[in-house]
Structure formats: C-alpha cells, structure tokens
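As the structure is a prediction and not an experimental result, all values here were calculated from the model. For the single chain, residues carry numbers from 1 onward in sequence order. Whatever order the structure lists ligands and atoms in, that order sets their numbers, starting from 1.
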Amino acid sequence: MKKKQGLLWMLLNLIVVEGVHSCRITVASSVIQFGSPLSASCDCPHLRSSKSVVVWKLDKDFVPCNQTSDVQMSTCPLYFPNFNKTTGVLQCYLRRNDVLQLVDQTNIKAGYPPSPATNISCLMFISQNIVNCTWQLQRDSLLEENVTLSAFRSKDECETPSSAEYICNPPKGIHFCIIQRKYFNNFDDLAVRVTVQNKIGSAPSSLLCLKPLFEVKVDPIIIDDAVPHNDCVRLQWTYGKKANFLTAMRCQLHYKMATEIEWTKPIEIPVDVKTADQCGLLAATKYDFQVRCIRKFLTGQWSEWGPTRSMITAELAPAEKLESWWRTLESTQNGSLKIQLMWKKLEKNKANADHVWYIVKSSSDLHETNNILCNTTNLNCTIVLHEAMKSVFIWTYNNAGVSPVKEMTFPARIGTPVSKMLVSSNNDTSLQVMWDPPSSAEGYLLEWYKCTELPDCEMNWKTEQKGSMSSILQDIEPFQRYSVRLYPLYQDCIGMARETDAYSKEGAPDYSPEIRLLTVSKSQAVVQWDPIPVQKSNGFITNYTVFWTDTSGKENSSTVNGSTATYNITDLIPSTTYQVFLMSSTSGGSVNGTALMLHTANLGLKVGSGLLSQILPTVKWES
Ligand SMILES: *[C@@H]1O[C@H](CO)[C@@H](O)[C@H](O)[C@H]1NC(C)=O
Ligand SMILES: *[C@@H]1O[C@H](CO)[C@@H](O)[C@H](O)[C@H]1NC(C)=O
Ligand SMILES: *[C@@H]1O[C@H](CO)[C@@H](O)[C@H](O)[C@H]1NC(C)=O
Ligand SMILES: *[C@@H]1O[C@H](CO)[C@@H](O)[C@H](O)[C@H]1NC(C)=O
Ligand SMILES: *[C@@H]1O[C@H](CO)[C@@H](O)[C@H](O)[C@H]1NC(C)=O
Ligand SMILES: *[C@@H]1O[C@H](CO)[C@@H](O)[C@H](O)[C@H]1NC(C)=O
Ligand SMILES: *[C@@H]1O[C@H](CO)[C@@H](O)[C@H](O)[C@H]1NC(C)=O
Ligand SMILES: *[C@@H]1O[C@H](CO)[C@@H](O)[C@H](O)[C@H]1NC(C)=O
Ligand SMILES: *[C@@H]1O[C@H](CO)[C@@H](O)[C@H](O)[C@H]1NC(C)=O
Ligand SMILES: *[C@@H]1O[C@H](CO)[C@@H](O)[C@H](O)[C@H]1NC(C)=O
Ligand SMILES: *[C@@H]1O[C@H](CO)[C@@H](O)[C@H](O)[C@H]1NC(C)=O
Ligand SMILES: *[C@@H]1O[C@H](CO)[C@@H](O)[C@H](O)[C@H]1NC(C)=O
C-alpha cells in the first residue's frame, strides 16, 4: 500500500516539475537600504492556468503574499514595508495538492549608503619624494565598498585641473594612497578627493586643496654634533636627507640623563636655527638628546624624534666643602696625637666628576707643596698632630679644578653630653637612635662600629641637624653587636659621647658553654663556665639556666642572670649520679650545652672532689 502511494506522489511531482523552469523571482534590486520597502513577485508564465499556488519563504519562515483576492495561480506579490534583515534568502515555491516545489530563489542584501571618508590628510616625504594621503572611514555600510582617491594638479586653488587625474583604488583595509612625484609639483596646488561607493550610493569627500611643500614631514632629525662646554652642550643638526633647502622650519629639543627614562618637556628652538646650547646640565654626566622639526606654521607634521645623540658633559671643579670628622687613635709620649681624619664622599652633583682625590695640608696655602699631610682617593687619612698645629686644611680635587678649602680643628670633647639616649632595632638591618636634645647643640654626630672588630674597627659616622631627636643607622648586620656613640656639637666644643651597645636582630648563641665542676659534696655541687664571647653570642645573654637530672630522670633547673658564671646546686641526693648541662639564652633564642656527669659523695664520707664523667665514662641509668 505505502509503496503504491509513494509512486503516485513521485508521479505528481514529475508533473509539477514539468513547467517550473519558467518560474522567476523578480525584485527591483537585490541590494537595498536597510529598513526600506522590498517588493518581489514570482512569475511562472507556463503555469498560469494550473491549479498551483505560489508560496514564499524568507530564510526559514513562510511569508504571506500581499494579495488575497486572486487565490488562483498568480505572481503572488510580496511586500515588506521595511526590510530589516542584513541578508536573507527569498524562496518561491509552488504548492499543488499539498506538495511544495521550490522553483526559484534569490539573495537579498540590505545595508546603508556609504559615508564619506573623514580626516583626509596628505603629507609630503621629501627624501622619498612622495605625497602620502590618508583618511578614515566612518560607519560600516554592511555592503561591499570600494574607495577611490582622485588627485589633480591645479594653478588656481583647485578650481580647474592642470593635469590628468591620478586615480588610486587601494585594496580593502588600506586607508592610504601614495601619490608619486610626477603627479604633483612642490608649490602647485594639489586637489585630492576620496570617494566611497557601494551598491546603494556614492559618497565623495569634500575637496582637499594643498601645496605639497607645506605638508612636509621631514625625516627624523640627526644631530651631527654635540660639544660640551661648561655646564652646557652645543648641538647642531640638519633637516634630514634632501631637505636642507627647506626654510621656515621650527624645531624642538628634548633630553634626559642617560640613566633616566623620562625625557624633558620639548624645548623650543627659534625658527630656522639648527643649533642649540642647552645649559644647566650636571658635570661629567652622560646625557641623551633628540631633536624633531616641523614647518614654522605647523602645517604638515612633526618629524619623528631623531636618533638619540649621547654625550658626557665636561667636568667642573668640585663645588662644596667636605663634611668631615676625626678620631684620636693614640697620643704619643712627646705630646703629639695620631688622628684619623674622615670625610664623606661628595654627591655626584657636587663632585662634578667621576674621579676626585683629596689633599690635606697643615697650611691653608693651596700652592705650597712642602706641607702635604695626605694625598689620597680614600675617605680617610691618618696624621700626626703636633702640639703647635691647631688645624688642618682639606681640598677636593678633580681634573677640572679644586674645591673651596675645609678647615678642620680638633676641639676637646668635654661639653655636656645628651641626657638620655636609646638605641633599638629599627628592622633587621637598621638601628634607631633616639635622644633628648640639649637646647644649645648646633648638631649631632653619631659614630657606630661592630664591637667584634675592636680595637681596629672600621668606624661609621653620620651627622644630624640641629634640633634632631632621632636617627636611623643603615647597613647594620643582624646578630652583630654594635656600639653607638652620640656627640652633641656645640658652637665652640664637642660634647662628651654617650655610648650604647645594640643589635638590630638577636639570635640564639652559637653554643652554650661547657660546665666545669668546682666542688661536689653529699648534697651540693658548685659548677662554673666561661662566658660566651661577643663574636659567638648573637645577642645579649639575658640568662643561663642550669639543668640537673638524676638517674630516675627527675629534672631540676635554675636560672641565673647573664653576668653570672657559677652556680651552687643544692639539695642533691648523696651517692647519686647527675647529668648537668647549661642553657644559654638571648632574647633571640636559647641553646643547650653538652652534659656533664657528676656523682655525689656517699653518706658519711668526706669527699674533696667528685667523680667526673671523664673518669667514669659509663654510667648505668635505672630504668
Ligand atoms: C500591498 O502592497 C502595496 C504596495 O505594493 C501596499 O501599498 C499595500 O499596503 C500592501 N497591502 C498589504 C495588505 O500589505
Ligand atoms: C523586523 O520586521 C518584522 C516584520 O516587519 C518584525 O516582526 C520584527 O519585529 C522586526 N525586527 C526588528 C528587530 O525590528
Ligand atoms: C579624525 O582625527 C582626529 C585626530 O586625529 C581624531 O580625534 C578623530 O577621531 C578622527 N575622526 C574620525 C572620524 O576618525
Ligand atoms: C602612508 O601613511 C600610512 C598611514 O600613516 C602608513 O601606514 C604608510 O606606511 C605610509 N606609506 C608610506 C609609503 O610611507
Ligand atoms: C566601485 O563600486 C561601484 C558601485 O558598486 C562601481 O560602480 C564602480 O565601478 C566600482 N569601482 C571600482 C573601481 O571598482
Ligand atoms: C712625636 O713622636 C712621633 C712618634 O711617636 C713622631 O712621629 C713625631 O715626629 C714626634 N713629634 C715630634 C714633634 O717630635
Ligand atoms: C697627589 O697624588 C697624585 C697621584 O699620585 C699626583 O699625581 C699629584 O701630583 C699629587 N698632588 C700633589 C699636590 O702632590
Ligand atoms: C629597614 O629600614 C630601613 C630604614 O627605614 C629601610 O631603608 C630598609 O629598606 C629596611 N629594610 C628592610 C629589609 O625592611
Ligand atoms: C679608610 O679608607 C679605606 C679605603 O677607603 C678603607 O678601606 C678603610 O676601612 C677606611 N678606614 C676607616 C677606619 O674608616
Ligand atoms: C652552696 O650552698 C650551700 C647551702 O646554701 C652552702 O652551705 C655552701 O657554702 C655553698 N657553697 C658555695 C661554694 O658557695
Ligand atoms: C631568660 O631569658 C629569656 C630570653 O630573654 C627570657 O625569655 C626568659 O624569661 C628568661 N628567664 C628568666 C627566668 O629570667
Ligand atoms: C634545653 O633543654 C631543656 C631541658 O631538657 C629543654 O626544656 C629546652 O627546650 C632545651 N632548649 C633547647 C633550645 O633545645
């Protein structure tokens, strides 16, 4: 049964297929403006009399004809008052006896009219001898567009062409055209227009009229010469390849220290000047310079900043007196003093050179050569100060000259000390010093050094301003004991030092001392130990704890303060073996020492010295 029906359907279909080749969809345009009306009809001239009905589909959906009266075979006109798809497939079917037969289809595209190009600008590149015109496109029309640039020369402000038109059709996505030299003259007007076209319309831009030479972008400016003098540099440049005939150009300069990232703000150079003197630079410092130029009336475009030209400024004589300090190393029998002078390295912007050296003399005459005490690049020097010498004089030299002289006197350190001083850890690598400032102090001087290096320690020092009440000492090593001294500086003398030891960070001592047995009796034992040296203590020893454990494992302990080095253990059980050891503590931690065995005397026996573990190495413990 089913097979027979299928055959019948096929036959019917064949009949339908007979005349459908004549069916055609007619639309006014297959490309229309988005939202505009669309009319279509489907005409089958050879099937006019048949009983078929035309049915429409737009993409997947059936759409009704705009005509209901003539249900019989007709063109079934279709009408969309505002077609709102960007693309659609319109299909025409014939229906006969409930069978649908596709007879024709067409693609519809909807979009917008083109928008004119904007921001049309042309730049002339002198070294390449071309004019490069660029533009921007506005709204996407959703349709295929083509862009045409047309240009012609003119002698009357682009009113009439004086040469054939140059036409350029860049490929899709390219928004510039290159106009070759044969299509323009440097001083003649050049008319440029960009037209955007699609299937719906054409949008010409307004006409751009320009003189190529006024729209110049010169090559990046190369600085030909950079010569340092004093605190200045003299720069010289050209406008680039083939561009030296240009006039009415203005340029800008910017610079930076070679070690910096940010350039200065652009510095204006007078019109048509191709040199600049930039002053106010630091001495003996590497600087980077760049120049860019544009036409005086700011037409065209700034050139790119040119390649960096670097140069090192000249050295100048050091600008400042040294900051200095001194300490007495020893006094000799004949009344002279061995003194170490110390001074601070000048900042680069005061030293005005990479290399400086220092000369100390006993006279203030710069040119006298027979009384030189030191000639050094170090930041210290040791002199012998005779009784007759009240002061010495120091100069800083570099290759360019000599600094103002610094006179050093050596007043006694007998003034009032600060009344209170506190040194504490600031963090693991720095210390904080705080003090009560005496009202008459003109400033302060702090000295600090590692106690473990005494007496030949390297001394650090710094000054603090009048009125200061605290200071941070940097580059402190943790677990190292430092001595910090504070001197108030007065008008005519130096105050006595106040001194404190401190750690930036404390830790457990390297080891705990071994215990020695001094005496042992029936119920007492006196033990003793050697204090931990500063190099090994890693902090201030706050206390020692003596532990003693008998054979049953009962542990006792007693804590004594860190300055003690002996302990009397009492209430021991006679004739018993004890294990004794010492714990050493700082605020940063504790460490236990090795154990000593001791044996208390028998009841009734008088014992002078106990049995040491060294004598009786094996001790049997009761379990
Ligand atoms: C049929 O189309 C015409 C334009 O061809 C239009 O004016 C009319 O309103 C349409 N009628 C219907 C029912 O859509
Ligand atoms: C597009 O048009 C159809 C029919 O005119 C309407 O039903 C639909 O809402 C419209 N869609 C939009 C996004 O306007
Ligand atoms: C035109 O150029 C200017 C400056 O370059 C820019 O701000 C603007 O957005 C551009 N206009 C268009 C339509 O791209
Ligand atoms: C022209 O200018 C455009 C936009 O700045 C640029 O991408 C293109 O490389 C230039 N062409 C030439 C030959 O300089
Ligand atoms: C640009 O497109 C328009 C409209 O589609 C067409 O008339 C014209 O010939 C096209 N021009 C070029 C150069 O392809
Ligand atoms: C004093 O003694 C030191 C060495 O102890 C010596 O260098 C110095 O020249 C002596 N000074 C005088 C004035 O004799
Ligand atoms: C200091 O020492 C340097 C290097 O040894 C030497 O060239 C210079 O002449 C010395 N200066 C004086 C004033 O003696
Ligand atoms: C310690 O403190 C000093 C001074 O405040 C600071 O410069 C340094 O970076 C600090 N160090 C650490 C590890 O925080
Ligand atoms: C003196 O200077 C030398 C060289 O800079 C340095 O090694 C030494 O530690 C300094 N001496 C003191 C005590 O500061
Ligand atoms: C240890 O302490 C006991 C009891 O207090 C005392 O009799 C004895 O003299 C002390 N020994 C020493 C050496 O101090
Ligand atoms: C011993 O010193 C440590 C570290 O400073 C501390 O924590 C502890 O309380 C002290 N013990 C006694 C008994 O003082
Ligand atoms: C030292 O030994 C005592 C007693 O056994 C113990 O309580 C303490 O934790 C030990 N300390 C260290 C730092 O090991």
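Of the polar atoms of Arg327, none of the N or O atoms is found under 3.5 Å from an N or O of ligand 9, judged by distance alone. Every N/O-N/O distance between Gln128 and ligand 4 stays at or above 3.5 Å.
Exactly one of Leu598, Val580, Thr594 qualifies for a side-chain contact (heavy atoms from CB on, under 4.5 Å) with Ile515. That residue is Val580.
Sorted by first and then second residue, the pairs that involve residues 211-221 and meet side chain to side chain donor-acceptor pair (under 3.5 Å), not counting sequence neighbours, are Ser127-Asp219, Asp189-Lys211, Lys217-Gln301, Lys217-Glu304.
Between Cys177 and Cys133, the sulfur-to-sulfur (SG-SG) separation does not fall under 2.5 Å.
Geometrically, Arg413 engages Trp326 in a cation-pi contact defined by less than 6.0 Å to the ring centre and at most 45° from the axis. Cation-pi geometry between Lys344 and Trp461 is met: under 6.0 angstrom from the ring centre, within 45 degrees of the axis. A cation-pi geometry, defined here as NZ or CZ lying under 6.0 Å from the six-membered ring centre and within 45° of its normal, does not hold between Arg181 and Tyr183.
Under a 3.5 Å cut-off, the side chain of Ser584 and the backbone N or O of Tyr544 do not form any donor-acceptor pair.
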Inset, instruction - List the steps and the verdict of side-chain hydrogen bond (donor to acceptor under 3.5 Å, both in side chains) for Thr409 and Ser391. - result: CA-CA 4 Å; Thr409 54; Ser391 56; over 6 Å; no
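Atoms CZ and OG1, from Phe581 and Thr549 in turn, are 6.0 Å apart once rounded to the nearest 0.5 Å.
Near Ile178, with a cut-off below 4.0 Å to any heavy atom, the atoms of ligand 4 are 11 (N), 12 (C), 13 (C). Using a 4.0 Å cut-off to heavy atoms of Glu458, the atoms of ligand 9 that qualify are 9 (O), 14 (O). Against a heavy-atom cut-off of under 4.0 Å, Thr134 is close to the following atoms of ligand 4: 2 (O), 3 (C), 4 (C).
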Can you give me a line-by-line list of nitrogen or oxygen pairs between ligand 12 and the protein shorter than 3.5 Å?
residue: ligand 12; atom: 2 (O); partner: Asn592; partner atom: ND2; Å: 2.4
residue: ligand 12; atom: 5 (O); partner: Glu555; partner atom: OE2; Å: 3.3
residue: ligand 12; atom: 11 (N); partner: Asn592; partner atom: ND2; Å: 3.0
residue: ligand 12; atom: 14 (O); partner: Asn592; partner atom: ND2; Å: 3.4

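Heavy-atom separations between Gln340 and ligand 9 include at least one value shorter than 4.0 Å.
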